[in-house]
Amino acid sequence: MITLLDYGAGNVRSVINAIESLGETVKIVAKGEDILAAEKLVFPGVGAFGNMMHILRDKNYVEPLRAYLRSNRPFLGICLGLQALFECSEEAPDVSGLGLISGKIKRFVVDLSVPHIGWNGLNFKQASRIFSGLNGDEKFYFVHSYHVVADDASTILTTTDYGCEFVSSIQKGNIIATQFHPEKSGRAGLILLQNFLGATAEPIRPIRSTATTTLAKRIITCLDVRSNDQGDLVVTKGDRYDVREDGDVRNLGKPVELAQRYYTEGADEITFLNITGFRDFPLEDMPMLEVLRQTSKNVFVPLTIGGGIRDYTDKDGHSYDALEVAAEYFRSGADKISIGSDAVMIAEAYLQTGRQTGRSAIEAISRVYGNQAVVVSIDPRRIYVTAAETVNHAVIETDIPGPGGERYCWYQCTIKGGREGRDLDAITLARVCEKLGAGEILLNCIDRDGTNLGFDLELINAVAGAVSIPVIASSGAGKVEHFHEVFTATEAESALAAGIFHRREIPVAEVKKYLEGKVEVRR
Ligand code: 1PR
């Protein structure tokens, strides 16, 4: 029996699912005594350090947790569950941590995107039983803006390189904690978890084949989901966002089955977009939540869900806010949520008043779940102009002239799945959303969606150059070379594709095989 400390923020479902998939049962802590009575305690922390410590104090978990840790019984902390063990964090300078291990949590100051999101390796500093069965070159999933600076080198189990060498796991007696998420790290993560859960693994110190670790470029598969005219929930695919063919919604498969297939084939992340979310309200659209619940049972890579995340009042006058919608998604197995139409409305309101209200979906969700949990999905289309000064938008000079030979264009934001264009450009939207707390940009492109013509490199360079958060390049992938192109000609951290994977034109593994040796990928 594993005892799991769930303090109510973030995706503990994945941790439970991963542990259960290894044949263990999980008991969730309901009161301080449950912590004291635990035989093995797992503490997955997601979100913001200050919020986590406040909740632990409010629930009177701090002293039982300290007592448990002092007793040297098996403990596995994950992400914030690692950071909580230290004295304090720059994320919330007035809030103290558990102080079990001497050291601090600092924000990344690096010339790279922050948060550090994705699959990175480990430099092994000591032997540990949790490494049994690893060859040393595996990658694990990280998502964080702050990292541990430990005073006592003897506690450091592994480090990882990301513009600097930071502590990625620690061990002190039976207390083990990782900055990365084993429950989201595919097979390697499950091996590590199994080693923690079992008692028999021999301590080993794997040897890496390279001197430093490198963050992999991620390959993301995207499932656009909606009900077809028969009422079945299907994965569909648009051609420049038009998902109908001969009057019917294209049906490319069942969401849970396809997600499972992509996990097995090596996708680094899976994104579900409820593309009619602007009409249907997600909390009334239970099938989508069920898709997440079912998928997260067997798929151990990060899951993002988007569509309909906004404040809403139903026909009976019941009001929900975006935070409640997001909370339901996280509880059902999502690691990140993606906001599309509402992000445009939020940015427009911000640009009009110049004030942050603190109440927008982006601010509210990132405050509770952390910036890394909030993706903003942008649906732009090109608008050609004859000269840069003709519009009050971020205009780029383009190598792909318009129909009238225009050499300039701007990228107009749209809402409601491209149905409505707004007086806002994608570059400004990305900048504002980063300021409000978004942790990642999913950059679609209506002109390229479903065309197989390749990613819009000009768009990606313009947006990636304007923000310091990671950008996911999306729309237009038609061959393996397009992935190489987007990773070498732009700063995109990851590339998302849909049609080529759904139609089995190119399997995920083939994309990775082509990229191997050219750009860093997770094998
Ligand atoms: O606005 O917050 O309710 O979110 C709705 C979400 O649904 C948005 O993220 C929006 O991008 C998405 N969406 C809405 N309508 C469509 C549509 O296609 N009619 N899909 C849609 C967007 C674009 C990508 C696609 C890539 C790769 N899909 O996600 O997967 O373009 O495709 P490709 O590799 O085949 O070219 P809200």
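Bear in mind the structure is a predicted one, so any value in this text is a computation, not a measurement.
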With Phe196 via ring pair (Phe, Tyr, Trp, His ring centres under 6.0 Å) - residues at least two apart: none
Spacing of CG belonging to Asn174 relative to NZ belonging to Lys40, to within rounding of 0.5 Å: 9.5 Å
Is [X] reaching over with its side chain to a backbone N or O of [Y], donor-acceptor style, under 3.5 angstrom?
| X | Y | result |
| --- | --- | --- |
| His502 | Cys222 | yes |
| Arg129 | Asn195 | yes |
| Glu324 | Ala322 | no |
| Glu434 | Ser468 | yes |
| Tyr68 | Leu41 | yes |

Arg107 to Tyr146 six-membered ring, cation-pi geometry met (6.0 Å, 45°): yes
Quiz item: cation-pi between Lys139 and Tyr141, 6.0 Å / 45°: no
May I have the list of side-chain donor-acceptor pairs in residues 21-33 shorter than 3.5 Å, sequence neighbours left out?
from: Ser21; atom 1: OG; to: Ala18; atom 2: O; distance (Å): 2.7
from: Glu24; atom 1: OE1; to: Met1; atom 2: N; distance (Å): 3.4
from: Lys31; atom 1: NZ; to: Asp34; atom 2: OD1; distance (Å): 3.2

Pairwise side-chain contact, Thr214 with Asp161, heavy-atom cut-off 4.5 Å (strictly under): no
CZ (Arg359) with more than 12 external heavy atoms under 6.0 Å: no
Full working for salt bridge (Lys or Arg N to Asp or Glu O under 4.0 Å) between Glu516 and Lys513: CA-CA 5 Å; Glu516 243 175 70; Lys513 196 160 162 242; over 6 Å; no
